Enquirer: 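Below you'll find the structure I mean.
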Protein chains: 2
Amino acid sequence: MKFDLNFQSGIPIYIQLKEQIKYGMARGHLKPGTQLPTVRKLAIDLRINANTVSRVYSELEHEGLLATRKGKGTFVLDHNISHQRHDIEVLKTEMENLVNKARELGFTPDEISSLFSEWAKRVSDR
Amino acid sequence: MKFDLNFQSGIPIYIQLKEQIKYGMARGHLKPGTQLPTVRKLAIDLRINANTVSRVYSELEHEGLLATRKGKGTFVLDHNISHQRHDIEVLKTEMENLVNKARELGFTPDEISSLFSEWAKRVSDR
DNA sequence: CTCCTTGTATGAATTTACTAGTACAATAAT
DNA sequence: ATTATTGTACTAGTAAATTCATACAAGGAG
């Protein structure tokens, strides 16, 4: 499992790392039981601070995806993150962006809601 | 034209103001030629800084929606419907892209429809 | 028990976004 | 011309988010 951070993208690196781990889990590259690199090792590898890695692991643990044991390491739990769940997150983010844009353009929540409903019907008619 | 800022929402007030002005233009409450309140007056009215108002006016001017003339004031420009219509087209295109992407990810039309419906409800609950 | 490996708590440095206070500049009005 | 009215530049303060350096704590290995 290889991670690739972009330090100039403006996207916080802890977000990037988290996404990539989740992606790996969704794709099956990180199967349940797998040990992740220790916070120190990964921190050195990626040339970032150990706490930044720890933050990612902690958040993922809080989401029920990882388990950490002091002195031992961090491991992938049995997760039901399939492609679907991961992709749904991505889609929801994009939807949110779309909504925000629509609001900026002066559409009311009701109108946006209508647009979505309209599209929902249109899509289901295929 | 009345503006209503929420100082506790966490949403920057200049964003709120900008949205409300755009909303007014989209609704026809601010017709082309109308003079907006001076930055000072509006600032006092809303109990914010004149620069914050100025920022909003500037950005809207940059978007081609307002014109400011020093010593005179700020005025609503001809924002033709074709512009609005164009924006709607853009939104619809983006929605279509979203749908296509979802389908590429393996979602069924029903699932996509549900996602849209869910969001529609979420948006209208704001 | 002692040491090593692991994650974590704490606090600070840094950056960025937002808002405000004050002084300035440009145009209009007289 | 002079003054008033309007928008703007400049600067600073504040808050939040991100990342880091350092020291600590908990569990594992010998």
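Reminder, nothing fancy here: chain letters follow the sequence lines and each chain counts from 1. Predicted model, so just to flag it, every value in this text is computed and none were measured.
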Enquirer: Between B:F75 (CZ) and D:dG7 (C1'), how many Å, whole number?
Expert: 12 Å

Enquirer: Could you tell me whether a side-chain N or O of A:Q20 sits under 3.5 Å from a main-chain N or O of A:L5, the two making a donor and an acceptor?
Expert: no

Enquirer: Do A:Q35 side-chain atoms and A:K72 backbone N/O form a donor-acceptor pair below 3.5 Å?
Expert: yes

Enquirer: To the nearest angstrom, how far is B:Y14 atom OH from D:dT8 atom P?
Expert: 16 Å

Enquirer: When rounded to the nearest 0.5 angstrom, what distance separates CG in A:L30 from CG in A:L77?
Expert: 12.5 Å

Enquirer: Tell me whether B:S54 contacts the main-chain N or O of B:A50 through its side chain, where contact means a donor paired with an acceptor under 3.5 Å.
Expert: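 Answer holds: no.
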
Enquirer: Of all the nucleotides listed (C:dT8, D:dG7, D:dT8), which has the minimum atom distance to the side chain of B:E61?
Expert: D:dT8

Enquirer: Using whole Å, what does the distance between atom P of nucleotide D:dT19 and atom CG of A:L46 come to?
Expert: 12 Å

Enquirer: Are any side-chain N or O atoms of B:K31 and backbone N or O atoms of B:G28, one a donor and one an acceptor, separated by less than 3.5 Å?
Expert: yes

Enquirer: Using nucleotides 21-27 of chain C, report all nitrogen or oxygen pairs with the protein that are shorter than 3.5 Å.
Expert:
{"residue": "C:dG21", "atom": "N7", "partner": "B:N49", "partner atom": "ND2", "Å": "3.1"}
{"residue": "C:dG21", "atom": "O6", "partner": "B:N51", "partner atom": "ND2", "Å": "2.2"}

Enquirer: Just how far is it from atom CG of B:L42 to atom CG of B:L17, taken to the nearest 0.5 Å?
Expert: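 It is 5.5 Å, given to the nearest 0.5 Å.
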
Enquirer: Measure from CG on B:L17 to P on C:dC18 and round the result to the nearest Å.
Expert: 14 Å

Enquirer: Taking the side chain as everything from C-beta on, heavy atoms only, tell me whether B:Y14 gets closer than 4.5 Å to B:I48.
Expert: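 Answer no - side chains too far apart.
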
Enquirer: Would you say a side-chain N or O of B:T52 is under 4.0 Å from OP1 or OP2 of C:dT19?
Expert: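 No.
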
Enquirer: Taking 4.0 Å as the cut-off, does a side-chain nitrogen or oxygen of B:S58 come that near to OP1 or OP2 on D:dG7?
Expert: no

Enquirer: Does C:dG7 have OP1 or OP2 under 4.0 Å away from a side-chain N or O of A:S54?
Expert: no

Enquirer: Return the value, rounded to whole Å, for the distance between atom OH of A:Y57 and atom P of C:dA9.
Expert: 17 Å

Enquirer: Round to a whole Å and report the spacing from CZ of B:R47 to P of C:dT19.
Expert: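 Answer to the nearest Å: 17 Å.
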
Enquirer: To the nearest Å, how far apart are A:R55 CZ and D:dA21 P?
Expert: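 Interatomic distance, CZ of A:R55 to P of D:dA21: 16 Å.
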
Enquirer: Within the structure provided, determine whether A:K18 and A:I21 are in side-chain contact (heavy-atom separation under 4.5 Å).
Expert: no

Enquirer: CG of A:N49 to CZ of A:R40: how many Å apart, nearest 0.5 Å?
Expert: 10.0 Å

Enquirer: B:F7 has an atom CZ; how far is it from atom P of C:dC18, in whole Å?
Expert: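 Taking CZ of B:F7 and P of C:dC18, I get 15 Å after rounding.
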
Enquirer: Collect all protein-nucleotide pairs involving nucleotides 12-14 of chain D in which both atoms are nitrogen or oxygen and the distance is under 3.5 Å.
Expert:
none

Enquirer: I want to check one thing: is the phosphate of D:dT8, taken as OP1 and OP2, less than 4.0 Å away from some side-chain N or O of B:T68?
Expert: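 Result: yes.
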
